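Written below as structure tokens is the structure these notes are about.
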Amino acid sequence: MKKLTVIATCISCGLAIIFSITACKKDTPTQVIPTISTITPMTDTVGAQIIINGTGFSATASLDIVKFGGVTANVVSATATQIIVIVPAGAQSAPISITVNGNMFVSPNSFTVATIQLPPLITGFAPSIIGVGYPVTITGTNFSADSTKNVVTFNGVTAKLVSSSTTQLVATVPLTAITGKIAVTVNAQSVISATDITIKTLTVTTIAGGNPGPFSDGTGTGANFSGPWGIAGDGNGNYYVGDASNNRIRKVTSAGVVTTFAGTGAWGSLNGAATAASFGGPFGTAFDSQGNLFVSCAGANNIREITPAGVVSTFAGDQNGNAGYTDATGTAARFNVPLGIAIDKNDNLFVMDAQNNRIRKITPAGVVSTFAGSGITGSTDATGTSASFNQAWGIGIDASNNLYVVEAGNNKIRKVTPAAVVTTFAGSGAQGSADGPALSATFNKPIGIVADAAGNFYVSDQGNQKIRMITSNGTVVTLGGNGTQASTDGVGGFASFGSPLGMAIDPNGVIYMIDNFTATVRKIIVQ
């Protein structure tokens, strides 16, 4: 307020009159600063509506300027105490500021801009068939790079993640997983694979041996082997092991009871009763249709026969153990380190003559001929003696009398038809452990091979310390072994082997295998 003094003159009386007038002047208005009391929610995605409560806002929405980390937002509605805004594109996690009539207030807490999480999508996985304990690569989109936010299950069983990215997950097939769908869950959003993954479960147990060196018969770990190599079954649940360093043939029941079937332990080629006979480094074993057991003696360079009555004779090769290469009959023939052997439906015996790089055929009458192999070290696919091999130590046979030669030197499995046509069945020749199509898969010094009734093959991949499967459609899959040289019983990749060598398979598909380094007989069940 302002007081004015006014002097007025009275015209009629000539007197001066003094009076005051109080005049009003308009005051400057008080400046109102906006405040923020709550922001709901404090975390959301671009495009979401956010409610801001407080004071000092303008009811005219255009006068309220709201920014998210410096990016101006669209105000949907406004009152003096509440503003509704849209989280703008480009917004960053930061405090929210409100400016009204030039006055600004900044929220004490940051607003978090959340990333929109789209549902995960599985576009594929590899391999399509796998053993328990091995990694599967799952490809797709909208996975999380944070492994803790991804959950992978195999037919409902949660797996352990090896690695994570937004487009790829690597998970280990869990112990109890079975064939079925793969599911991926990311931030509570799930997707299921369009196709099943086939999971093979290999379970290995040790039934005999475990203390390499001293010779002893017994049950389970009470028995000892020394340098065992080959194994063959008689069809009655008994298995016969070429116990090379002990120069004996050992009999092992399916219950793990070990006895000496033939051999005194002395090195030699003495014939006669099994208990009095001698052997020189017995390696491979195989039964014919009459129940005769044939043994390849790598050290004595001959093939021995043991009848069901327990009589031992020299079937082919030099009686005195001399090495050579001669096609002839019986003891007139010569071999040079005969190793793996197999017998066809006609009781013809096929011998891997290792140092001669040849497959030798022996008829039931003892006539020895060269079936395949030129004698030159190589990997030539051809027919008969035009083909070549390299450290071909193991041999198997299928129901159609096709031979399968396991080559440690070439890292391959070769197929030989009854007409002696040699082709490469599996293995690129490179040393490795890659699964996949048979001819591109890799092996490391494979030794043993057997076939089941369904046409699948099982290979003891000695250099990799693993058991590999070649499916009937030509895919190589690793089923057992973690790659370390040990003797751990267990399932799939959780088990370990120590130089897996010869294998035999019973009519039910149960495999009995020689584990050379640990001098054990292992039982393998594949489901």
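Just so we're clear, the structure is a prediction, and the values are computed from it rather than from any experiment.
For residues 134-144, the side chain to side chain donor-acceptor pair (under 3.5 Å) pairs, not counting sequence neighbours, are T123-T139. Counting only residues at least two apart or in different chains, side chain to side chain donor-acceptor pair (under 3.5 Å) contacts with residues 165-178 are absent. Under the side chain to side chain donor-acceptor pair (under 3.5 Å) criterion, the residue pairs touching residues 510-520 are D515-R522, T518-T520, with sequence neighbours excluded. Annotation: side chain to side chain donor-acceptor pair (under 3.5 Å) contacts involving residues 420-430, sequence neighbours excluded, comprise D381-T424. Applying the ring pair (Phe, Tyr, Trp, His ring centres under 6.0 Å) definition to pairs two or more places apart or across chains, those involving residues 431-488 are Y404-F457, F425-F457.
In summary, D461 and K445 do not engage in a salt bridge, as defined by a charged side-chain N under 4.0 Å from a carboxylate O. Salt-bridge formation is not detected for the pair R358/D353: no Lys NZ or Arg NE/NH1/NH2 atom is positioned less than 4.0 Å from an Asp or Glu carboxylate oxygen.
In this structure, the side chains of V136 and F154 come closer than 4.5 Å at one or more pairs of heavy atoms. By the 4.5 Å heavy-atom criterion applied to side chains, T179 and N155 are not counted as neighbours. Put simply, the side chain of I138 reaches to within 4.5 Å of the side chain of F143, judged on heavy atoms.
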* To do: Let me see the working for D327 and T370 under side-chain hydrogen bond (donor to acceptor under 3.5 Å, both in side chains), right down to the final yes or no.
  => CA-CA 7 Å; D327 285 338; T370 299; 2.9 Å; yes
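Within a 6.0 Å sphere centred on CZ of F517, heavy atoms belonging to other residues, nucleotides or ligands number 12 at most. The environment of CG in L121 is crowded: more than 12 heavy-atom neighbours from other residues, nucleotides or ligands sit within 6.0 Å.
Taking CZ from F261 and OH from Y240, the interatomic distance works out to 5.0 Å, rounded to the nearest 0.5 Å. Here the straight-line distance linking atom CG of L161 with atom CG of L169 works out to 6.0 Å at 0.5 Å rounding.
Annotation: side-chain hydrogen bond (donor to acceptor under 3.5 Å, both in side chains) contacts of N357 (sequence neighbours excluded): T377.
Across all non-hydrogen atoms, the minimal contact from A519 to P228 is CA-CG, 4.0 Å. Heavy atoms only, all atoms of each residue included: D243 and P282 are closest at O-CG, 3.9 Å. Here the closest heavy-atom approach between residue F279 and residue C297 is recorded as CD2-SG, 3.9 Å. Annotation for S496 and S487: closest pair OG-N, 3.5 Å, computed over non-hydrogen atoms.
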